[in-house]
Every structure is written in structure tokens, then in C-alpha cells.
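Encoded as C-alpha cells, the structure appears first; notes follow it.
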Amino acid sequence: MPELPEVEVVRAGLEPAVTGATISSVTVLEQRSLRRHSGPSEDFVARLTGRGILGAVRRGKFLWLPLADSPAGESEALVVHLGMSGQVLLRAVGAPNDGLLRITFGLEHPQHGAVRMDFVDQRIFGSMAIDDLVPTADGLPAGLGSDAALVPAQVAHIARDPLDPAFSDSGFFAALAKRRTGIKRALLDQGLISGIGNIYADESLWAARMHFDEPTNTLGRARAKTLLAEVRLVLVRALGEGGTSFDAQYVNVNGASGYFSHSLNAYGQQGKPCPRCGRPLVRESFMNRNSHFCSFCQRMRVPATSP
DNA sequence: AGCGAGCCCTGCGCGC
DNA sequence: TGCGCGCAGGGCTCGC
């Protein structure tokens, strides 16, 4: 469950269950799910077993669980990226294993007792890793879920997401004005603004009535503001509905689906009438993926030339 | 700097 | 019923 709302649903579901819990056991069933971990699976298991979990933090599509008792004062965290098809599920001890289970943790919580935390991932684009926490560049809290200004080293290059109170709107507008690229490319660039993927990029652009390939440097401050406002609106609405689920793949920690797929205006709606103007929505190949949009409402805007 | 291509993968739904 | 194809929410690296 990839984009910000889906990852936030997972974070919020994990937070009460894992904060204060101790990892009693770790079993790695699929080595490739540790692609982002620097050591072998034995190292991963040995370093996690017996450790306490301090919370659940998210920036963009990255999730991490800060760990207690880090060696030599170095702060460490268990970093999770769901990739295209990853899930983190909380299950009763003894529940049957999912066929796509890659890594499983036994957790012991002082109040809630024993629970299992399962990392399930069909395509293995997702991964887990132990990583060092490093200070944030701006000294502000790294993401949602913790006040600590510490971010996993492998997440440090990821920009803040638009729901982060420390996200700089003016910094984002300035970066857009400086870049020579298309607006959807910019929205999908996790180093510029994080958390947005193909679904919410298309939904935001539809809401803002912008063509996906409109150049960022001629967008102008007012239209950039409109776009950012629509991005936030779409993300918040999707979060309110538990994220977007097209099938059983994208679920919360209890395995339940979100409902935002019923609210999609553009993504996956090719051939259907545009909810605004009634003309058929189209799908166009873009960046090895697809863009879904209304070719009437979202016409390429020709920037006004100075007289 | 920015971009396209390639790569990492499995499983599903569809048309034949 | 079975097979092959196209498709899928992401991100990293490389060469131009």
C-alpha cells in the first residue's frame, strides 16, 4: 500500500500496538525483503531480538520504528518501505501464515500481551532494514509520530511530505520555479515533495485542472499554490477514508480495505465521463506508467508571454 | 540537472 | 481449461 495515506493508515495502526513493546522473536522467510539492510539476515535477527520499540514514525512513504538500547549511543530504527505491494499486519499469535509472508516478528507488549507483526509482500519491492538515525538537516522533527529530529540515514534524502508541519511551502514553490521539468514528474520526485504516487498525482492534477506535463518553471506562484492545496486536500480526504484499496492487497494493520477508490475522479477512470465536464477521461503512457486525465479540463496551459 | 531505460519481482485478470 | 500477455500503488542506478 504505497502512497502517503495508505502508509499513514499503517503507521497509525501500528503506533499503539508497537510503542513500548519488545521484539521477542524475528523470522526472515525471504532474504530479498532485506535488500535495504546492510548485513545478512542473521545480523538483522540478532540485532532486533530483545530490543524495545519506541514508536512508529513516517515521512512520505517511509515508515520507521525507533529502537531502544541502541549500541554506543547511536540511535537505530527498523525502517520499513512497503514498495508496491507490502503490508504490515498485526495478528494473533498462532494465526495461520499468509502465503506471501516474508518476515515475521513476535512482539510482547506490557499491556496488550503477545502479538505477531507480519511483513507480507507480493512483489518484494518493499523491504525492511536496520538503519542509523541521523540528525535532520533543519533540526526539526523528522516526521509524523515523533518529536525527535532524527531520521534514518537512508531516508535523509527524502523530502518532507505536504502534511508535515515543517514542510516549507515557499521552499517548494521556489524549487518548482527553478526546475526545468513537468509538474507530474515534480510531484512524483520524492526528493522534492514526498508521499505522492501515481494515484494522488493524477487526482491532484485533475482537481487543480492542470496538464501533467505543464512545465514547473512557468507555473507561477498562484497556480503552484492551488496545486499544493489540492494535493493536501486529496491526501487528507483519502486518509479520512482509510486510503485507496483496489483489491485485498492494500489494507490496514488489521487487513481491512480503505474506501477512497470510490472517490477517485481520474485515476483508473479512463473512458468514463469526467465528473466535471462529462467528456471521456483518457489514459496516456508516462514515465513507464500511465497518466489519467481530462484532456479538456486539463489542457496544457500556454504561459503568457510578456508584451 | 534531468530524463529515459532498465532493473528489482509476483500474481492477477483478460482475451484467445 | 489453459496459456500468454499486459498490467499494477515504488524507487534505485546508470548512461546520455
Side-chain angles (χ1 to χ4, degrees), chain A residues 1-10 29-38 58-63 79-88 98-103 119-129 131 152-159 161 174-204 212-213 215-217 231 234-235 238-239 241-252 257-264 266-271 283-292:
Chain A
M1 10 193 342
E3 306 183 43
L4 186 153
E6 294 78 31
V7 181
E8 175 55 24
V9 165
V10 172
L29 295 94
E30 176 52 76
Q31 306 290 325
R32 292 173 296 176
S33 293
L34 294 181
R35 193 174 295 116
R36 303 180 77 104
H37 183 70
S38 57
R58 181 193 56 75
R59 173 187 289 203
K61 304 171 196 171
F62 280 84
L63 189 63
V79 179
V80 184
H81 197 286
L82 301 174
M84 292 277 262
S85 55
Q87 308 172 359
V88 181
D98 191 293
L100 301 171
L101 180 65
R102 308 304 187 192
I103 304 173
F119 182 62
V120 173
D121 187 12
Q122 179 203 112
R123 295 176 71 181
I124 324 184
F125 286 175
S127 64
M128 287 188 157
D131 199 11
Q154 58 182 263
V155 184
H157 70 290
I158 299 295
D161 62 66
L176 286 184
K178 221 167 66 180
R179 285 221 182 184
R180 297 196 57 83
T181 189
I183 187 59
K184 184 170 173 182
R185 259 193 184 83
L187 289 180
L188 294 176
D189 183 345
Q190 306 297 303
L192 182 64
I193 181 170
S194 70
I196 304 165
N198 211 29
I199 295 179
Y200 299 113
D202 282 359
E203 290 302 305
S204 305
F212 65 86
D213 220 8
T216 60
N217 59 330
V231 164
V234 166
L235 294 177
L239 193 49
E241 296 186 39
T244 302
S245 306
F246 297 130
D247 49 45
Q249 252 297 329
Y250 302 93
V251 295
N252 68 14
S257 293
Y259 293 96
F260 195 70
S261 58
H262 304 289
S263 307
L264 294 173
Y267 184 86
Q269 309 301 305
Q270 63 274 14
R283 184 174 77 170
E284 211 169 281
S285 172
F286 177 74
M287 281 178 85
N288 280 341
R289 297 195 186 140
N290 284 301
S291 271
H292 311 77

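Residue numbering restarts at 1 for every chain, and letters A, B, ... go by the order of the sequence lines. Remember, it's a predicted structure, so these values are computed and weren't measured experimentally.
Of the two residues near DNA chain B, Leu100(A) and Met287(A), the one whose nearest nucleotide lies more 5' is Met287(A). Nearer to the 5' terminus of DNA chain B, by closest-nucleotide assignment, is the contact made by Lys178(A) (compared with the other of Lys178(A) and Arg32(A)).
Asp202(A) places its CG atom 11 Å from the P atom of dA8(C), with the value rounded to the nearest Å.
Contact footprint of chain A on DNA chain B: nucleotides with an atom under 4.0 Å from a non-hydrogen protein atom, first to last in 5' to 3' order, dG2(B) to dG11(B).
The nearest pair of heavy atoms linking Gln87(A) to Leu82(A) is N-CD2, 4.0 Å. The shortest non-hydrogen separation linking Ala266(A) to Glu203(A) is N-OE2, 2.8 Å. Counting all heavy atoms, side chain and backbone alike, Leu239(A) lies closest to Glu8(A) at CD1-CG, 3.6 Å. Contact detail for Gln269(A) and His292(A): the closest heavy-atom pair is N-CD2, 4.4 Å. Across every non-hydrogen atom of Leu188(A) and Ile196(A), the tightest pair is CD2-O, 3.8 Å.
The residue Asp121(A) sits apart from the nucleic acid: no heavy atom pair falls under 4.0 Å. Using a 4.0 Å heavy-atom distance criterion, Tyr200(A) is classed as making no nucleic acid contact.
As the counterpart of dG6(C), dC12(B) is assigned, both hydrogen-bonding distances of the Watson-Crick or G-U wobble pattern falling under 3.5 Å.
Rounded to a whole angstrom, the distance from the P atom of dC3(C) to that of dC9(B) is 25 Å.
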Can you give me the N/O atom pairs linking the protein to nucleotides 10-12 of chain C at distances under 3.5 Å, or say none if there are none?
| unit_1 | atom_1 | unit_2 | atom_2 | d |
| --- | --- | --- | --- | --- |
| dG10(C) | OP1 | Lys61(A) | NZ | 2.7 |
| dG10(C) | OP2 | Asn198(A) | N | 3.3 |
| dG10(C) | OP2 | Arg289(A) | NH1 | 3.4 |
| dG10(C) | N7 | Arg289(A) | NH2 | 3.3 |
| dG11(C) | OP1 | His81(A) | NE2 | 3.0 |
| dG11(C) | OP2 | Lys61(A) | NZ | 3.0 |
| dC12(C) | OP1 | Arg36(A) | NH2 | 3.4 |

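Judged by distance alone, with hydrogens and angles left aside, the side-chain atoms of Ser261(A) form a donor-acceptor pair with the main-chain N or O of Ser245(A) at under 3.5 Å. Distance alone, capped at 3.5 Å, is enough to place a donor-acceptor pair between the Gln190(A) side chain and the Gly195(A) backbone.
Between Ser194(A) and the choices Val155(A), Asp161(A), Asp189(A), the side-chain contact (heavy atoms from CB on, under 4.5 Å) rule is met once, by Asp161(A).
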